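Worksheet: the structure to be examined is printed underneath.
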Amino acid sequence: MFGTVAIVGATGAVGRIILQLLEERGFEAGTFRLLASARSAGQKVQFRGQELVIEELTKDCFAGVDLVIASTPDDTAAEYLPAAVAAGCRVIDESGYWRMKPEVALVVPEINPQAALNAKGIIASPNCSTTQMVLALKPLHDAARVKRVIVTTYQATSGAGLQGTEDLMQGSRAALEGRDYQYSAFAHPIAFNAIPQIGGFREDGYTSEELKMVYETRKILGDETIQVCPTCVRIPVSNCHSEVINVETERPLTPAEARELFESTPGITVVDDPASGTYPMPAGCSGSDDVFIGRIRRDISRENCLTFWCVSDNLRKGAATNAVQIAELLAEHAE
Ligand code: A2P
């Protein structure tokens with residue numbers, strides 16, 4: 001059990017769910033401290049029947065803290081988390097800043113728990129669209145070796161933080177009423193639209209979000225040979241990311257074999273009955289920690305390829321749940 005646990009970014013879209021999960025899952029610690037920006041300092045939050053006051057995040061706020069779970073923008077994680085490591089804290093970070101640094105462990109506990117246990121410094125939690133995809137790829141990779149993945153995402157607005165959800169709600173209302181709305185989380189209107197850009201473009205035409213799916217997948221699965229071709233799209237759904245995943249394996253896998261592999265993997269739920277029009281949809285997956293898979297079928301255009309549809313709550317397994325599972329793993333192994 002950890003003595004003092006600090007939740008950094010406790011007021012954010014993911015931070016709030018981290019608090020909810022720590023409560024729901026009965027995560028034990030001596031003391032909990034909640035940190036956010038100066039804008040939120042002094043706000044009161046109910047946590048486990050207690051009233052906690054949000055403190056301002058500073059570089060010297062980590063004295064006496066044993067474990068930090070952070071979910072903030074990248075620049076905040078870059079600036080403050082080294083101070084937490086220097087103060088001797090175990091640090092779990094949700095941001096994108098540290099994930100691909102060679103000295104940082106990038107962990108999905110169902111896949112590479114040992115990387116978290118061996119980590120000396122920051123332990124990063126992957127990007128939400130990567131996490132659900134690698135959980136689906138893992139059993140296929142173990143059984144038949146994944147060579148190549150073509151993935152298209154349909155990402156919810158909650159992935160852009162609380163302001164993303166606010167933009168969807170306010171923007172939709174304004175569009176229905178024929179009014180203008182000034183979007184702040186998105187560069188284009190998200191209401192009644194689809195935006196094929198998440199993050200900035202690189203020279204090769206891919207976005208930063210897409211490249212996360214390429215490099216994080218290889219790091220988590222420990223296989224630099226896996227080829228990934230991603231397209232990430234923001235859609236007007238408030239929560240849960242959906243993905244179409246096309247996988248080419250070295251050894252052939254039938255859809256029935258893939259289904260069995262998915263069904264025997266903890267954390268994956270297969271919802272797949274085309275005859276009755278049954279498949280996972282974002283509206284039914286919100287609030288769950290599982291990754292839902294349906295529409296499993298052969299790729300009729302190519303040998304050794306399967307295609308399926310995958311939906312998961314991006315704020316839970318895609319972010320908060322994964323971070324809390326890493327915290328639970330560390331707590332189990334803490335001296
Ligand atoms: P605050 O609410 O005080 O701005 P979201 O992803 O929903 O936008 O949440 C981001 C989280 O990161 C919030 O808790 C936010 O706190 C926190 N945060 C953002 N910028 C900073 C900063 N400069 N210092 C500390 N916390 C920050």
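Counting convention: from 1, in listed order, for ligands and their atoms alike. The shown structure was predicted, so the numbers you read here are calculated from the model rather than taken from an experiment. These values consider heavy atoms only, across backbone and side chains, with no hydrogens, waters or symmetry-generated copies.
Without hydrogens or angle criteria, Thr153 side chain to Val233 main chain gives a donor-acceptor distance under 3.5 Å. Judged purely by atom type and a 3.5 angstrom limit, Asp290 has no side-chain atom pairing as donor or acceptor with the backbone of Phe292. Remark: the backbone N or O of Pro196 is not paired with any side-chain donor or acceptor of Arg234 at under 3.5 angstrom.
A salt bridge does not link Glu257 with Arg251: none of the charged nitrogens is closer than 4.0 Å to a carboxylate oxygen. With respect to the salt-bridge test (charged N to carboxylate O, under 4.0 angstrom), the residues Asp142 and Lys138 qualify. Salt bridge annotation for Glu216-Lys219: absent, with no cationic side-chain nitrogen under 4.0 angstrom from a carboxylate oxygen. Between Arg179 and Glu177, at least one side-chain N (NZ, or NE/NH1/NH2) sits under 4.0 Å from a carboxylate O, which counts as a salt bridge.
Of all the atoms in ligand 1, the ones that sit under 4.0 Å from a non-hydrogen atom of Thr76 are 20 (N), 21 (C), 22 (C), 23 (N), 24 (N), 25 (C). Applying the 4.0 Å criterion to heavy atoms of Gly9 picks out, from ligand 1, the atoms 11 (C), 12 (O), 14 (O). Close approach to Thr11 involves these atoms of ligand 1, each under 4.0 Å from a residue heavy atom: 1 (P), 2 (O), 3 (O), 13 (C), 14 (O), 15 (C), 16 (O). Heavy-atom proximity to Ser40, at under 4.0 Å, picks out these atoms of ligand 1: 1 (P), 2 (O), 3 (O). Here is the list of ligand 1 atoms found below 4.0 Å of a heavy atom in Ala13: 5 (P), 7 (O).
Of the options Ala77, Ala185, Ser71, the smallest heavy-atom separation from atom 11 (C) of ligand 1 is shown by Ser71. Between atom 4 (O) of ligand 1 and the options Arg16, Glu166, Glu56, Arg39, the minimum heavy-atom separation is to Arg39. Distances from atom 18 (N) of ligand 1 to the heavy atoms of Pro73, Ala36, Ala38 show the closest one on Pro73.
Backbone and side-chain nitrogen or oxygen atoms of Leu162 are examined, and one is located within less than 3.5 angstrom of a nitrogen or oxygen of ligand 1. Checking only distances, Thr72 never comes within under 3.5 Å of ligand 1, N or O to N or O. The shortest N or O to N or O distance between Tyr80 and ligand 1 is not under 3.5 Å.
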>> Show, in sequence, the C-alpha distance, side-chain angles and deciding distance for Leu67 and Phe27, and conclude whether the side-chain contact (heavy atoms from CB on, under 4.5 Å) test is met.
In response: CA-CA 12 Å; Leu67 173 70; Phe27 186 89; 4.1 Å; yes

> Does the side-chain contact (heavy atoms from CB on, under 4.5 Å) test come out yes or no for Glu103 and Lys120, once each step is laid out?
Replying inline: CA-CA 8 Å; Glu103 71 282 11; Lys120 296 275 176 287; over 6 Å; no

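Of the protein's non-hydrogen atoms, the one nearest atom 26 (N) of ligand 1 is Ser37 N, 3.2 Å. Ranking protein heavy atoms by distance to atom 9 (O) of ligand 1, first place goes to Gly12 CA, 3.2 Å. The nearest protein atom to atom 6 (O) of ligand 1, hydrogens excluded, is given as Gly161 CA, 3.8 Å; this is a heavy-atom distance.
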